[in-house]
Amino acid sequence: MSIKTAWITGATAGFGAATVERFVAGGWRVIASGRRAERLQGLVQAHGADKVHACAFDIRDEAALRAAADALPPAFAGIDLLVNNAGLALGTAPAQQADLAQWKQMIDTNVTALATVTHLLLPRLIERRGAIVNISSISGSYPYRGGNVYGGTKAFVTQFSQNLRVDLHGTGVRVTSIEPGMAETEFTLVRTGGDRAASDALYAGAHPITASDIADTIWWIANLPPHLDITRLEIMPVNQSAAGLQVHRG
Ligand code: NDP
Ligand code: 8X3
């Protein structure tokens, strides 16, 4: 059986880093992308350049993305799986107090860059009858205070995934939207601008999802028989559930 190749965006931390480990352990080649070059180089050193190809660039930089795709070594140039994982939330303020620059960074990363990577790699994925796993979020389905643009970007990811499936009908390409709830990664450190105490407090006692839980889930999806497509998958910790609806009287 020929060795398969996955491109995993956001491979320097959290879900992406754990997914690199899972797929390399499973015998795949991995293209690992993210901004922090030293972490990517660490993956290459740990696993070897025949297993991991590092691409350090900002995913919002379309020219850098195209250059990285054009420069893939031949063994990595055919792509069987795209894991659109790179993304972030910035801020928890209500919309009326939010920072517009943070909103734009989330849209540029979670929406525009994800769509651009997908558009660029679709021909290769179709050629291989490959798969796309998009990392959405429960925030795309359930509103919460301060979720504003972040949740909006993830609603895009979920619906884009479903629309991609329709357009790819008959190509054999599988598309999945994974929608995790609370997971302990660097996510909250990034969201709070590096507030370790806030991050620790959020996860304390919650038994959140781990990065390797999501990596195992992506591995399971990618290795299902080719006639099956997990279209949407919502995952929460047992200790998290949705309760909403509020009434203001005044
Ligand atoms: P982490 O902060 O641990 O990892 C985020 C990854 O995204 C990093 O590798 C980071 O790499 C990369 N990234 C962010 N911005 C850019 C950029 N401009 N260019 C390239 N890479 C970028 O968070 P998670 O692992 O938790 O997040 C992964 C995905 O999962 C995100 O899309 C997030 O929205 C989603 N998610 C997270 C949940 C959670 O509770 N943790 C729940 C549901 C969904 P670098 O900084 O090196 O560029
Ligand atoms: C991350 C999960 O609930 O913090 O997407 O938005 S949540």
Side-chain angles (χ1 to χ4, degrees), residues 7-22 30-43 54-62 64-65 68 83-92 102 104-114 116-117 133-158 160-161 177-194 198-199 202-203 206-215 217-218 232-237 239-244:
W7 187 325
I8 300 169
T9 70
T12 57
F15 299 164
T19 305
V20 172
E21 298 300 332
R22 186 68 192 82
V30 172
I31 300 156
S33 63
R35 287 169 297 186
R36 284 168 285 182
E38 68 291 350
R39 291 196 183 188
L40 298 175
Q41 278 314 316
L43 293 171
C55 295
F57 63 92
D58 188 320
I59 201 150
R60 295 168 292 173
D61 181 344
E62 185 180 337
L65 165 66
V83 182
N84 271 318
N85 166 74
L88 76 174
L90 292 171
T92 53
Q102 292 189 330
K104 289 182 175 178
Q105 184 174 347
M106 288 188 278
I107 294 167
D108 291 348
T109 309
N110 301 357
V111 175
T112 308
L114 181 144
T116 305
V117 174
V133 173
N134 289 328
I135 306 300
S136 181
S137 162
I138 59 165
S139 66
S141 302
Y142 306 100
Y144 62 84
R145 284 174 191 239
N148 44 68
V149 163
Y150 177 67
T153 66
K154 292 305 186 178
F156 169 87
V157 174
T158 297
F160 180 53
S161 305
S177 166
I178 300 185
E179 296 148 32
M182 179 188 280
E184 187 167 7
T185 62
E186 294 181 9
F187 178 83
T188 301
L189 264 185
V190 171
R191 184 172 209 168
T192 59
S199 179
L202 181 70
Y203 301 123
H207 301 290
I209 297 168
T210 67
S212 63
D213 292 330
I214 298 301
T217 303
I218 296 170
R232 288 182 68 171
L233 189 60
E234 181 180 286
I235 310 175
M236 292 192 206
N239 284 355
Q240 183 178 38
S241 60

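Numbering of ligands and ligand atoms starts at 1, following listing order. Treat the numbers as computed from the prediction; the structure is a model and nothing was measured.
Using a 4.5 Å cut-off on side-chain heavy atoms (C-beta onward), I235 and I214 make contact. Residues E21 and L43 form a side-chain contact, since some pair of their non-hydrogen atoms from C-beta on lies under 4.5 Å apart. Side chains of S212 and T210 form a contact here, defined as non-hydrogen atoms less than 4.5 Å apart. With contacts defined as side-chain heavy-atom distances shorter than 4.5 Å, the pair I138/E234 qualifies.
Of the candidates A113, G16, G87, A32, G87 brings a heavy atom nearest to atom 5 (C) of ligand 1. Of the candidates A211, G181, A37, A86, G181 brings a heavy atom nearest to atom 42 (C) of ligand 1. Considering each of T19, T12, I214, L90, the one bringing a non-hydrogen atom nearest atom 10 (C) of ligand 1 is T12. The residue from Q240, R35, M106 that puts a heavy atom closest to atom 46 (O) of ligand 1 is R35. Across the listed options A89, G10, A56, G10 owns the non-hydrogen atom lying nearest to atom 6 (C) of ligand 1.
The two residues A32 and L40 have their closest heavy-atom pair at O-CD2, 3.7 Å.
Considering both main-chain and side-chain atoms, V190 never comes within under 3.5 Å of ligand 1 through any nitrogen or oxygen pair. The shortest N or O to N or O distance between F15 and ligand 1 is under 3.5 Å. Checked by distance only, ligand 1 and E184 stay at 3.5 Å or farther apart across all their nitrogen or oxygen atoms. For ligand 1, the polar-atom distance check against A183 finds a nitrogen or oxygen pair separated by under 3.5 Å. At least one N/O-N/O distance between D58 and ligand 1 falls below 3.5 Å. Of the polar atoms of T185, at least one N or O is found under 3.5 Å from an N or O of ligand 1, judged by distance alone.
Judged by distance alone, the side chain of N85 and the main-chain N or O of G10 form a donor-acceptor pair under 3.5 Å. Under a 3.5 Å cut-off, the side chain of Q240 and the backbone N or O of M182 do form a donor-acceptor pair.
Atom numbering of ligand 1 starts at 1 in the shown order; those under 4.0 Å from a heavy atom of Y150 are 33 (C), 34 (O), 35 (C), 36 (N), 44 (C). Atoms of ligand 1 found under 4.0 Å from any heavy atom of A11 (numbered from 1 in listed order, with element): 9 (O). For ligand 1 and A13, the ligand atoms under 4.0 Å from any heavy atom of the residue are 3 (O), 4 (O), 9 (O). Interface of G14 with ligand 1, defined as ligand atoms under 4.0 Å from a residue heavy atom, comprises 3 (O), 25 (O). Near I135, the atoms of ligand 1 lying under 4.0 angstrom from a non-hydrogen atom of the residue are 29 (C), 30 (O), 35 (C).
At a 4.0 Å heavy-atom cut-off, ligand 1 touches F57 through the backbone alone. The backbone of S136, and not its side chain, has at least one atom closer than 4.0 Å to an atom of ligand 1 (non-hydrogen atoms only; backbone = N, CA, C, O). Residue contacts with ligand 1 for R60 involve side-chain atoms from C-beta outward but no N, CA, C or O (heavy atoms, distance under 4.0 Å). Contacts of S33 with ligand 1, taken as heavy-atom pairs under 4.0 Å, are absent altogether.
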Pairwise, report which nitrogen or oxygen atoms of ligand 2 are under 3.5 angstrom from protein nitrogen or oxygen atoms, and how far apart they are.
from     : atom 1 : to   : atom 2 : distance (Å)
ligand 2 : 5 (O)  : S137 : OG     : 2.6
ligand 2 : 5 (O)  : Y150 : OH     : 2.6
ligand 2 : 6 (O)  : Y144 : OH     : 2.6

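In terms of protein heavy atoms, atom 43 (C) of ligand 1 is closest to P180 O, 3.2 Å.
With sequence neighbours left out, the side chain to side chain contact (heavy atoms under 4.5 Å, CB included) criterion links T192 to T188, D195, A198.
Here the CG-OH distance, from N110 to Y150, works out to 6.5 Å after rounding to the nearest 0.5 Å. Rounding to the nearest 0.5 Å places CD1 of I135 at 7.5 Å from NZ of K154. A distance of 7.5 Å separates OG in S161 from CD in E179, rounded to the nearest 0.5 Å. Considering OG1 of T109 and CG of D58, their distance stands at 6.5 Å, rounded to 0.5 Å.
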